[in-house]
Number of protein chains: 2
Amino acid sequence: MGRARTTGETKGAFGGARVSRQRRAIASAAARFGSAFTVERLHAAVTDAGEPAGLATVYRAVTALVDAGSLVGIGTRDGSALYAWCGRDDHHHHFVCTRCGAVRGIECPLGESALGAVRGEGYTVTGHDVTLYGLCPDCRHARDGATP
Amino acid sequence: MGRARTTGETKGAFGGARVSRQRRAIASAAARFGSAFTVERLHAAVTDAGEPAGLATVYRAVTALVDAGSLVGIGTRDGSALYAWCGRDDHHHHFVCTRCGAVRGIECPLGESALGAVRGEGYTVTGHDVTLYGLCPDCRHARDGATP
DNA sequence: GCCCTTCCTGATAATGGTTCTCACATGGCG
DNA sequence: CGCCATGTGAGAACCATTATCAGGAAGGGC
C-alpha cells in the first residue's frame, strides 16, 4: 500500500480526478476540521480561508472526495448530510460525538461469527455500516461539570 | 415486559399517542410490507387499501411509529428515507437486501470487547447503528441464474 | 513550451422530499 | 354526554441537493 494519505497531503485525496485550486482548498479545509461538518459549513470554511468557491463546486468536490474514500458520510443532522475527513485506507468505522461532532476511527467489530449467522441461511453480505454514538472525553467532562 | 407487539396488533404500535382510523390503516399497511418502503409507497399502499389518507398524515404517522419503536429507518435510497416495520422489542439490528429491499432482524454483534476499546480511552458510548447490506436467498438465486 | 481535449467552475434555476399552516374533525377521558 | 387536546387534509412553504450551460483551467502528448 504505497498510497499514503496524511492530513497535509490533499493532492491524492481525489484519487484519479482532476485537482483544481478550489478542490485543493476544499480538501484542505475538510482535513482541518477535527469533527463532522455539513457541506454548508465546509463552504463557509473554504470562503473564510480566502479561496471562494461556489456552493455547487463544494458539493461536487465532496462527492469526488467520498468516491475517492477521503471523506465519509456520517449520517445526517437537521436534514443535512454530515461528513468527516478520513485519512485511513483500511477498513474501519467511526465513533461520533453527539455533542461536538468529533469523529474517531474504530476497528471493525464484525467478525466471521457475526456474519456467519445470516450467511448460513443463504444470505450474501456485501457490505455493512457500523457507527457508534456517544460522548468524547472532553464533552463527557464538560457535561459532568455542568447542569444537564 | 407486557407490551407484546405482533404483526397483527397495530393498536399499541403508536405507544401512548392517539389512534385514528387513518393511523390504524397506515400501521396495518406498514406491517403488511415484507420489506423496506418509502413514505410515498406507504401512502400508495394505504390509499390502495381503501383508506385514503393525506401525504402529510402518513408522514406524521410514520414519525409517531418511529417514536414508538414500531418502525425503524433503514438508511435512504434515491434521496428518500426508507423505513421497515419492526415487530421486535429487544435490541437488534437489520440486514437489508439491496436488490428487493427485504429486511431481516439480526442479533447485535457488538459485545463488551468491541465497545471496551473506546471506553477505555474515556469515551462514553450511548448508542450505535449496525446495518448489513447484501442479497437475500431469493435475490441471490435470481441473480445467479440471470445475466447481471 | 504549446495545443487540445477533457474536466472543473460558478450563478442560477429547477427539483423533490419533507415540514408547516390553519381551519375542521375526531378520539378518548371525566 | 361534553370538552379539549390531538389528528387530519390540501396546499404552500421550505431547503438541501442537483441540473444546466457557457467559459476557463488542468494535464497529457508532442
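Chain A is the first sequence line, chain B the second, and so forth, proteins listed ahead of strands; every chain is numbered from 1. Everything numeric in this text was worked out from a predicted model, so none of it was measured.
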K.L.:
Using the six-membered ring wherever Trp is involved, compare the ring planes of B:His128 and B:His93 and label them parallel, tilted or perpendicular (cut-offs 30° and 60°).
P.N.:
tilted

K.L.:
Which residue pairs pass the salt bridge (charged side-chain N to carboxylate O under 4.0 Å, His left out) test with at least one member in residues 45-64 of chain B, sequence neighbours excluded?
P.N.:
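Every pair satisfying salt bridge (charged side-chain N to carboxylate O under 4.0 Å, His left out) with a residue in residues 45-64 of chain B: B:Arg21-B:Glu51.
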
K.L.:
To the nearest Å, give me how far apart CZ (B:Arg23) and P (C:dG27) are.
P.N.:
12 Å

K.L.:
Are any of B:Gln22's side-chain N or O atoms less than 4.0 Å away from OP1 or OP2 of C:dA25?
P.N.:
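It does not, given that no N or O in the side chain of B:Gln22 lies less than 4.0 Å from OP1 or OP2 of C:dA25.
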
K.L.:
Within residues 43-58 of chain B, find the residues that approach DNA chain C with a heavy atom at under 4.0 Å, and present them sorted by residue number.
P.N.:
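Going residue by residue through residues 43-58 of chain B, the ones with a heavy atom under 4.0 Å of DNA chain C turn out to be B:Ala56.
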
K.L.:
Between the protein and nucleotides 21-26 of chain D, list the N/O to N/O atom pairs that are separated by less than 3.5 angstrom.
P.N.:
| unit_1 | atom_1 | unit_2 | atom_2 | d |
| --- | --- | --- | --- | --- |
| D:dA26 | N3 | A:Arg18 | NH1 | 3.0 |

K.L.:
Please name the pair of heavy atoms, one in B:Val130 and one in B:Pro109, separated by the smallest distance, quoted to 0.1 Å.
P.N.:
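In terms of heavy atoms, the two residues are closest at CG1-CG, 4.1 Å.
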
K.L.:
Whole angstrom is fine here: how far is it from CG in B:Leu82 over to P in C:dG17?
P.N.:
12 Å

K.L.:
Counting just side-chain N and O atoms, does B:Tyr59 come under 4.0 Å of either OP1 or OP2 of C:dT18?
P.N.:
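Checking C:dT18 against B:Tyr59, a side-chain N or O does come within under 4.0 Å of OP1 or OP2.
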
K.L.:
What is the distance from CG of A:Asp67 to P of C:dC7, rounded to the nearest Å?
P.N.:
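Whole-Å distance recorded here is 14 Å.
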
K.L.:
Restricting both atoms to N or O, compile the protein contacts to nucleotides 1-4 of chain C shorter than 3.5 Å, with distance only.
P.N.:
none

K.L.:
I need the full list of side-chain hydrogen bond (donor to acceptor under 3.5 Å, both in side chains) pairs touching residues 97-119 of chain B, with sequence neighbours left out, sorted by first then second residue.
P.N.:
A:Glu121-B:Arg104, A:Tyr123-B:Arg104, B:Arg88-B:Glu107, B:Glu112-B:Arg119

K.L.:
Just by distance, do the side chain of B:Thr47 and the backbone of B:His43 share a donor-acceptor pair under 3.5 Å?
P.N.:
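At least one qualifying donor-acceptor pair exists.
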
K.L.:
Starting from the first five and the last five pairs of the helix from C:dG1-D:dC30 to C:dG30-D:dC1, work out the angle between the resulting helix axes, to 10 degrees.
P.N.:
50°

K.L.:
What heavy-atom pair brings A:Cys97 and A:Leu135 nearest, and what distance separates the two atoms?
P.N.:
SG-CA, 3.9 Å

K.L.:
Which pair of non-hydrogen atoms, one from A:Val46 and one from A:Ala25, has the smallest distance, and what is that distance?
P.N.:
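The answer is CG2-O, 4.1 Å.
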
